Trainee: 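Below you will find the structure I want to go over with you.
This is a predicted model, so every value here is computed, not measured. So you know, we letter chains A, B, ... as the sequences are listed, proteins then strands, and number each from 1.
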Amino acid sequence: ADPCHEEGGAPRVCVPGLVNAALGREVLASSTCRQPPAQACDSSDPRRAHPATLLTLAGGTTSPVCWRSDWLTRAPLNVTLTVPLGKTFELVFVSLRFCSAPPSSVALLKSQDHGRSWVPLGFFSSRCGLDYGRPPAPASGPAGPGPEALCFPEPQPQPNGGGLLAFSVQDSSPPGLDLDSSPVLQDWVTATDIRIVLTRPAVPRDAGDAEAAVPYAYSATELQVGGRCKCNGHAARCLLDPQGHLVCDCRHGTEGPDCGRCKPFYCDRPWQRATAREAHACLACSCNGHARRCRFNMELYRLSGRRSGGVCLNCRHNTAGRHCHYCREGFYRDPGRAPSDRRACRACDCHPVGAAGKTCNQTTGQCPCKDGVTGLTCNRCAPGFQQSRSPVAPCVKTP
Amino acid sequence: EVMPTLDMALFDWTDYEDLKPEA
């Protein structure tokens, strides 16, 4: 079954499955315990190394299982974990399992431009105002009309000593907001990179003991970024291209890493994201098989009642017109052939002397004849006329 | 009545050299 088309062939919205977009991706940690070997951490010894790769390891079990930062003894105590997802995804959740006491403050950010700029998705803190200058998240969710970065309670320590950071985009979106119909929500869930800033360790520190050398290290595993490869409703899966980049397997006449534009010949109407109601497939231009390229014209699209705006370019086989649907000057439509036939347009072949011009009627093929001349190509004298010696008046009345 | 096609050889191009079609 084709998830992007009905059984009858009609296009329908299709989306890739929910995956852990961070799985196997390289995590950039601003701090990882390395040298000198201390406290069972030695980056040169696999049995005692705690690299950031352990956060997103694909398959298998390792020992150790947790990434660990360097010992942090003085401010700043920030440690940043950045995960480039490789392409745009539509986020559903982000989670991170801590192997030691979870931090008291964490900021979660996303980038939509491969790390050039960052915006917050949410905060987690026991001191939202102090740490992030925000009020705690209301229990009812965001008050505004759109999603917003709220400050949630800090990850709670669990009996085993660890803790779990869990963020769901649903928690920061007003109820009733629908991804299909809300461009704001579509923008909110779109991300190319995720960044987690571990801002404040669990160890209580206040101004008085900020310099106190109470060593602390962040330690975590299982960084998950739940989401769908973003294909705008025009692909059911993402694949690796020959260059090793993750790209959508675009359908519906679309192309691009996110199926974000119409293919070159599929520009009869503007690109749109597919919805459950309407697939908004890009339509091929109607050129009767005589052109390989076309362009979109908004004015024509509006005039057609938003049905068709494609204009064929470089009509071949002596055809012309927006859809290559009539013959170019000097040619006429052969009624015995289909409009898509390569020989649908025949040369007028007007007689060089008998015809008054080279352009014939595009439907009948009749050339314009001089006085007294007849025939489709004006190659004979009409009854009652005879050929003269003058090329200007080739037929004269019979005496 | 079907008239014969125009005979190009009968035309006198003396005064109309510029109109004469290429052979």
Trainee: Ignoring hydrogens and geometry, is there a side-chain-to-backbone donor-acceptor pair from A/R389 to B/D12 under 3.5 Å?
Mentor: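 Side chain of A/R389 to backbone of B/D12: no pair is present.
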Trainee: Take atom CZ in A/R12; do more than 12 heavy atoms of anything else shown fall under 6.0 Å from it?
Mentor: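 Above 12, so yes.
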Trainee: Is it true that atom NZ of A/K358 has more than 12 heavy atoms of other residues, nucleotides or ligands lying nearer than 6.0 Å?
Mentor: no
Trainee: Once rounded to the nearest 0.5 Å, what's the spacing between atom CD of A/Q387 and atom CG of B/D7?
Mentor: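 One gets 5.5 Å once the value is rounded to the nearest 0.5 Å.
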Trainee: Assess whether atom CD of A/E7 is packed by more than 12 heavy atoms of other residues, nucleotides or ligands within 6.0 Å.
Mentor: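 Atom CD in A/E7 is not crowded, with 12 or fewer foreign heavy atoms closer than 6.0 Å.
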Trainee: With a 4.5 angstrom heavy-atom cut-off, which part of A/P352 approaches chain B: side chain, backbone, both or neither?
Mentor: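 The answer is the side chain of A/P352.
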Trainee: May I ask you to check whether over 12 heavy atoms, not counting those of A/R316, lie within 6.0 Å of atom CZ?
Mentor: yes
Trainee: Against chain B, work out which of A/S390, A/S388, A/C378 has the most heavy-atom pairs shorter than 4.5 Å and name it.
Mentor: A/S390
Trainee: If you apply the rule side-chain contact (heavy atoms from CB on, under 4.5 Å), what do you find for B/W13 with A/V353, and how did you get there?
Mentor: CA-CA 11 Å; B/W13 297 96; A/V353 178; 3.6 Å; yes
Trainee: Which atom names give the shortest non-hydrogen contact between A/C381 and B/L6, and what distance separates them?
Mentor: SG-CD2, 3.7 Å
Trainee: How about CG on A/D371, more than 12 heavy atoms from neighbouring residues, nucleotides or ligands closer than 6.0 Å, or not?
Mentor: no
